[in-house]
Amino acid sequence: MGQFKGRSLAGLHDYSPDEITTILDLAHKLKVDRKAGHTQKPLAGKVLAMVFQKPSTRTRVSFEAGIYQLGGVGLYLGAGDMQLGRGETIADTARVLSRYCDGIMARVFSHQDILDLAQYACVPVINGLSDLLHPCQALADLQTIREKKGEFKGLELAYVGDGNNVAHSLMFGCAKMGMDCVVVHPEGFAPDAEMLALAQEDAKQSGAAISATTDLSAAEGADIVYTDVWASMGQEDEHEKRLKLFKPYQVNDELVSRAKPDLLVMHCLPAHRGEEITDSVVDGPHSVVFDQAENRLHAQKALMALLMS
Ligand code: CP
Ligand code: NVA
């Protein structure tokens with residue numbers, strides 16, 4: 001575990017395919033152990049500070065339950081209740097939290113806040129979602145795909161919707177693990193060009209093809225169709241405008257009927273049912289969305305055990 005101890009996770013770009021495989025293998029083991037009723041406490045007595053600038057259901061509960069199951073405790077810190085909200089800097093917050101806690105998980109608007117926390121903290125910092133990336137979600141998604149499909153190589157994932165934080169982290173996850181990934185987006189909502197180029201660079205090693213297009217037919221041969229909300233947290237003002245622009249990109253029965261019979265449908269949740277995905281698809285036979293949600297727990301427990309013990 002030498003190469004993990006003390007490291008932060010801002011994004012999957014910073015981790016090698018072998019390191020991601022180690023995390024996924026431990027996540028699988030922790031999942032099997034938990035289902036068999038075996039408990040391990042590698043983080044006994046450790047404290048995780050959990051800083052939230054945005055709301056959360058899955059991230060908060062999976063990290064808090066996860067650290068508890070590993071023997072430690074999580075502290076929920078709403079950014080508005082901290083001195084952060086009154087102008088204390090991220091750097092000073094990182095230094096102070098490091099004196100009390102053994103790790104910091106943060107959900108932020110600006111990705112720079114994650115980078116600053118990691119720079120000034122002397123404990124591991126885990127990105128629990130920024131406007132740019134959502135690496136913990138991608139780890140749980142990779143775990144889910146491996147469980148359902150057995151391996152990554154040869155698969156194609158089509159992400160249909162906004163080229164956002166979730167799309168970016170999926171591009172990196174696919175690039176690292178050798179899965180093709182196409183982001184199918186409405187005009188004007190492509191993934192960030194720098195993230196796309198970086199993921200394509202990562203993909204050179206694995207041979208995966210990472211691309212973006214507005215052409216919906218690109219989703220047709222995919223093994224996995226993934227979607228996320230059309231307006232992310234912080235973009236509430238654009239919600240109405242986006243509804244119309246994104247409508248053709250809805251993941252619905254018609255889109256699924258043109259896909260492979262063993263298609264997996266994925267969504268990080270929360271779903272805006274009737275917008276980016278219909279009830280019939282999210283509740284249908286191809287959907288693995290609640291397995292993804294469950295795997296947040298196991299993947300993050302593996303991550304915390306590796307980084308913080
Ligand atoms: N998928 C995800 O991160 O969900 P929450 O916003 O509920 O944490
Ligand atoms: N893209 C979404 C993901 C929520 C888990 C958002 O940032 O709001």
Side-chain angles (χ1 to χ4, degrees), residues 9-12 27 48 50-67 74 76-79 104-114 126-145 157 159-173 181 183-186 189-192 195 212 225-239 241-243 245-246 249-251 265-273 275-277 282 287-301 303-304:
L9 173 69
L12 292 182
L48 178 74
M50 309 192 305
V51 179
F52 282 91
Q53 295 179 358
K54 296 172 174 173
S56 168
T57 297
R58 279 143 290 268
T59 303
R60 180 196 176 165
V61 179
S62 55
F63 267 104
E64 197 164 332
I67 185 117
Y76 176 83
L77 303 167
I104 301 169
M105 187 278 293
R107 166 165 287 194
V108 300
F109 288 94
S110 165
H111 188 67
Q112 190 60 44
D113 284 357
I114 296 288
I126 298 173
N127 181 357
L129 181 146
S130 66
D131 284 349
L132 191 67
L133 294 171
H134 198 2
C136 293
Q137 182 65 52
L139 286 173
D141 297 339
L142 290 173
Q143 185 183 353
T144 309
I145 292 167
L157 182 150
Y159 173 97
V160 182
D162 186 25
N164 62 14
N165 44 10
V166 169
H168 293 157
S169 284
L170 282 170
M171 293 190 315
F172 286 109
C181 175
V183 176
V184 187
H185 61 86
F189 297 92
D192 180 86
M195 292 298 107
V225 168
Y226 198 119
T227 191
D228 182 18
V229 292
W230 290 339
S232 286
M233 290 180 277
Q235 298 172 333
E236 288 77 9
D237 290 357
E238 294 181 37
H239 183 238
K241 185 188 92 185
R242 287 182 178 225
L243 282 181
L245 295 169
F246 279 74
Y249 293 80
Q250 184 184 62
V251 175
V265 172
M266 302 182 75
H267 192 309
C268 58
L269 304 178
H272 286 188
R273 289 164 174 259
E275 294 183 15
E276 75 276 1
I277 194 162
V282 79
S287 171
V288 294
V289 301
F290 298 110
D291 297 304
Q292 293 173 256
E294 176 184 336
N295 284 338
R296 293 291 302 277
L297 175 73
H298 310 300
Q300 291 159 191
K301 281 171 73 178
L303 189 63
M304 288 189 284

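Atoms within each ligand, like the ligands themselves, are counted from 1 in listed order. The first residue in the sequence is number 1, and the count goes up from there.
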Heavy atoms of Phe246 and Gly161 approach each other most closely as CE2-C, 3.8 Å
Provide the number and element of each atom of ligand 1 under 4.0 Å from a heavy atom of [X].
| X | result |
| --- | --- |
| Thr57 | 5 (P), 7 (O), 8 (O) |
| Arg107 | 2 (C), 3 (O), 5 (P), 6 (O), 8 (O) |
| Ser56 | 5 (P), 6 (O), 7 (O), 8 (O) |

Per the under 4.0 Å non-hydrogen criterion, ligand 2 touches Leu129, Asn164, Asn165, Val166, Asp228, Val229, Ser232, Met233, Leu269
4.5 Å side-chain heavy-atom contact, [X] and [Y]:
| X | Y | answer |
| --- | --- | --- |
| Asn165 | Ser232 | yes |
| Met171 | Asp192 | no |
| His168 | Tyr159 | no |

Of the options [options], which is the one that meets [X] in a side-chain contact (heavy atoms from CB on, under 4.5 Å)?
| X | options | result |
| --- | --- | --- |
| Met266 | Leu170, Thr144, Val166, Ile277 | Thr144 |
| Glu276 | Asp228, Asp162, Val229, Val160 | Val229 |
| Met105 | Leu77, Thr59, Val51 | Thr59 |

Where do Gln235 and Asn164 land on the side-chain hydrogen bond (donor to acceptor under 3.5 Å, both in side chains) test, with the steps shown first? CA-CA 11 Å; Gln235 298 172 333; Asn164 62 14; over 6 Å; no
Does the plane of the ring in Phe52 sit parallel, tilted or perpendicular to the ring in Tyr76? Use 30° and 60° as the thresholds.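 It falls in the parallel class, under 30°.
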Per atom 3 (O) of ligand 1, closest listed option by heavy atom (Gln137, Arg58, His134): His134
For ligand 1, does Arg60 get within less than 4.0 Å through its side chain, its backbone, both, or neither, judged by non-hydrogen atoms?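 No part of Arg60 is near ligand 1 at this cut-off.
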Please classify the Leu269 to ligand 1 contact at 4.0 Å (heavy-atom distances, strictly less than): side chain, backbone, both or neither.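 Backbone only.
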If you take the centroid of each ring, where Trp contributes its six-membered ring, are Tyr249 and Phe189 closer together than 6.0 Å?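 So the answer is no for these two rings.
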For atom 2 (C) of ligand 1, which protein heavy atom lies nearest, and how many Å away is it?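 The closest one turns out to be Arg296 NH1, 3.3 Å.
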Considering distance alone, does some N or O of Met233 sit under 3.5 Å from an N or O of ligand 1?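 Between Met233 and ligand 1 (N or O atoms, distance only) the closest approach is not under 3.5 Å.
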